[in-house]
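Side-chain atoms are counted along with the backbone in the values below, which use heavy atoms only and exclude waters and symmetry mates. Along the sequence shown, residues are numbered consecutively beginning with 1.
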Amino acid sequence: MTIDKFSELQEKLNIKFNDVSILQRALTHRSYINENPSPDLKSNERLEFLGDAILQYLTSEHIFKEYDSYPEGELTNLRARLVNTVSLATESSRLGLSEYLFISNGEREIASESNHILANTFEATVAAIYLDQGMKACSDFVNKELLYKTEDIVQKGELKDPKSLFQEISQEKFLTTPNYKLIEDDGPDHDKTFVVGAYIGKKLIAEGKGSSKRKAEQSAAENALQKVKPEFDK
């Protein structure tokens, strides 16, 4: 990415980084390093880990304060609706983060449509903002670029987590409980990517990816909902 592109992205994010290399790392997909091996390059995977934790914390704090009548279960479901893969990917796409990714040529073709890549990039960017600017700037960014839609989710009654909602629809429409199967896991033990399928009976409805089986199942449920919910709502 050129200096002009870095400047363009910082303007879009409304953040001037003190250390642009942190932003560069947040935008470096591991496939890019495979094609361009260098001891100076590091992927954004560790930043994804940190960003995920920061998003969980900031979202929890926000909804805890704003919805003081909600019991734990509803708070948990609301948080799940805000920080799930599809939600984060939507905001990542809106910000155009995939346009700035350092990624392999093969992966670049799918980056703008891959919820997994888009969501991970959003998480890594949040972590980069935190490390470079501190928690206040990070919180301001998350409030503006993610938590703005909290009340809309509440008003629409979309408080069930994806797996629960998919199960409810599957039981009502197909009279069966969906099941999840591990399709693939890739990478070393400390850094695996899991691919899980969401099935209704023996039929594969959708796949999902994640850094844990739980996340992959949530992602698979989210993707399955995109396929079955429109038909169910008719």
Side-chain angles (χ1 to χ4, degrees), residues 12-15 17 22-23 26-27 44-98 114-168 194 208-226 229:
K12 184 179 289 188
L13 299 176
N14 197 29
I15 293 173
F17 276 75
I22 295 176
L23 178 59
L27 298 166
N44 60 8
E45 289 172 341
R46 281 173 54 86
L47 291 178
E48 290 169 20
F49 167 80
L50 179 59
D52 175 56
I54 292 169
L55 284 168
Q56 293 285 337
Y57 165 69
L58 290 176
T59 302
S60 297
E61 181 182 52
H62 174 74
I63 62 178
F64 179 83
K65 291 178 178 178
E66 292 296 320
Y67 301 93
D68 56 5
S69 65
Y70 279 25
E72 178 189 0
E74 289 187 2
L75 290 173
T76 298
N77 290 341
L78 178 53
R79 181 179 62 193
R81 298 303 299 165
L82 286 162
V83 298
N84 65 55
T85 300
V86 172
S87 173
L88 299 183
T90 298
E91 306 314 323
S92 183
S93 180
R94 177 177 57 81
L95 290 168
L97 295 183
S98 65
S114 168
N115 286 337
H116 182 62
I117 292 175
L118 289 168
N120 288 347
T121 304
F122 189 88
E123 290 175 341
T125 301
V126 166
I129 294 170
Y130 166 72
L131 292 173
D132 188 79
Q133 301 282 309
M135 184 58 85
K136 175 63 169 61
C138 185
S139 178
D140 289 344
F141 175 82
V142 172
N143 282 325
K144 179 184 176 185
E145 306 297 354
L146 177 66
L147 300 181
Y148 72 89
K149 60 188 178 185
T150 308
E151 185 59 23
D152 187 51
I153 292 173
V154 170
Q155 291 299 322
K156 290 180 178 178
E158 299 176 347
L159 295 186
K160 293 181 179 177
D161 68 276
K163 286 185 70 175
S164 296
L165 187 56
F166 181 47
Q167 178 173 309
E168 181 180 290
F194 296 88
K209 292 182 180 179
S211 56
S212 67
K213 290 181 182 178
R214 179 184 63 81
K215 285 187 175 182
E217 287 180 359
Q218 287 284 358
S219 178
E222 292 157 16
N223 293 332
L225 280 171
Q226 291 184 327
K229 195 171 186 299

Is a salt bridge present between [X] and [Y], judged by a nitrogen-to-oxygen distance below 4.0 Å?
{"X": "Glu145", "Y": "Arg94", "result": "yes"}
{"X": "Glu217", "Y": "Arg214", "result": "no"}
{"X": "Asp140", "Y": "Lys144", "result": "no"}

If only atom types and distance count, is the side chain of [X] paired as donor or acceptor with the main-chain N or O of [Y] below 3.5 Å?
{"X": "Thr76", "Y": "Glu72", "result": "yes"}
{"X": "Ser93", "Y": "Ala89", "result": "no"}
{"X": "Thr121", "Y": "Ile117", "result": "yes"}
{"X": "Ser87", "Y": "Leu82", "result": "yes"}
{"X": "Asn84", "Y": "Arg81", "result": "yes"}
{"X": "Lys215", "Y": "Lys209", "result": "no"}
{"X": "Glu222", "Y": "Val86", "result": "yes"}
{"X": "Asp132", "Y": "Ala128", "result": "no"}

So with a 6.0 Å cut-off around [atom1] of [X], is the heavy-atom count from everything else above 12?
{"X": "Phe49", "atom1": "CZ", "answer": "no"}
{"X": "Tyr57", "atom1": "OH", "answer": "no"}
{"X": "Lys149", "atom1": "NZ", "answer": "yes"}

>> Would Ser219 and Asn115 count as a side-chain contact (heavy atoms from CB on, under 4.5 Å) here? Give the steps.
In response: CA-CA 9 Å; Ser219 178; Asn115 286 337; 5.8 Å; no
If you round to the nearest 0.5 Å, how far is [atom2] of [Y] from [atom1] of [X]?
{"X": "Glu48", "Y": "Ser211", "atom1": "CD", "atom2": "OG", "answer": "7.5 Å"}
{"X": "Ile129", "Y": "Ser139", "atom1": "CD1", "atom2": "OG", "answer": "11.0 Å"}
{"X": "Leu118", "Y": "Glu91", "atom1": "CG", "atom2": "CD", "answer": "11.0 Å"}
{"X": "Asn14", "Y": "Lys12", "atom1": "CG", "atom2": "NZ", "answer": "13.0 Å"}
{"X": "Ile63", "Y": "Leu147", "atom1": "CD1", "atom2": "CG", "answer": "9.0 Å"}
{"X": "Asp68", "Y": "Leu75", "atom1": "CG", "atom2": "CG", "answer": "9.5 Å"}

> Going through the checks in order, is the side-chain contact (heavy atoms from CB on, under 4.5 Å) test met by Leu23 and Ile15?
Replying inline: CA-CA 11 Å; Leu23 178 59; Ile15 293 173; over 6 Å; no
With heavy-atom distances below 4.5 Å as the criterion, would you say the side chains of [X] and [Y] are in contact?
{"X": "Asn77", "Y": "Glu74", "result": "no"}
{"X": "Thr125", "Y": "Leu95", "result": "no"}
{"X": "Leu50", "Y": "Leu131", "result": "yes"}
{"X": "Glu123", "Y": "Leu47", "result": "no"}
{"X": "Asn120", "Y": "Asn44", "result": "no"}

>> Show the nearest heavy-atom pair for residues Ala216 and Gly210, with the distance to one decimal.
In response: CB-N, 3.8 Å
>> Set out, in order, the CA-CA distance, both residues' side-chain angles and the distance that settles side-chain contact (heavy atoms from CB on, under 4.5 Å) for Ile153 and Thr150, then state yes or no.
In response: CA-CA 5 Å; Ile153 292 173; Thr150 308; 5.9 Å; no
>> With no hydrogens and no angle check, just 3.5 Å: does a side-chain donor-acceptor pair link Thr59 and Arg79?
In response: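 No, Arg79 and Thr59 have no side-chain donor paired with an acceptor closer than 3.5 Å.
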>> side-chain contact (heavy atoms from CB on, under 4.5 Å), that's the test. Do Val126 and Phe122 meet it? Break it down for me.
In response: CA-CA 6 Å; Val126 166; Phe122 189 88; 3.9 Å; yes
>> With side chain to side chain donor-acceptor pair (under 3.5 Å) as the criterion, how do Glu151 and Gln155 come out once you've worked through the C-alpha distance, each side chain's angles and the decisive distance to 0.1 Å?
In response: CA-CA 6 Å; Glu151 185 59 23; Gln155 291 299 322; 2.5 Å; yes
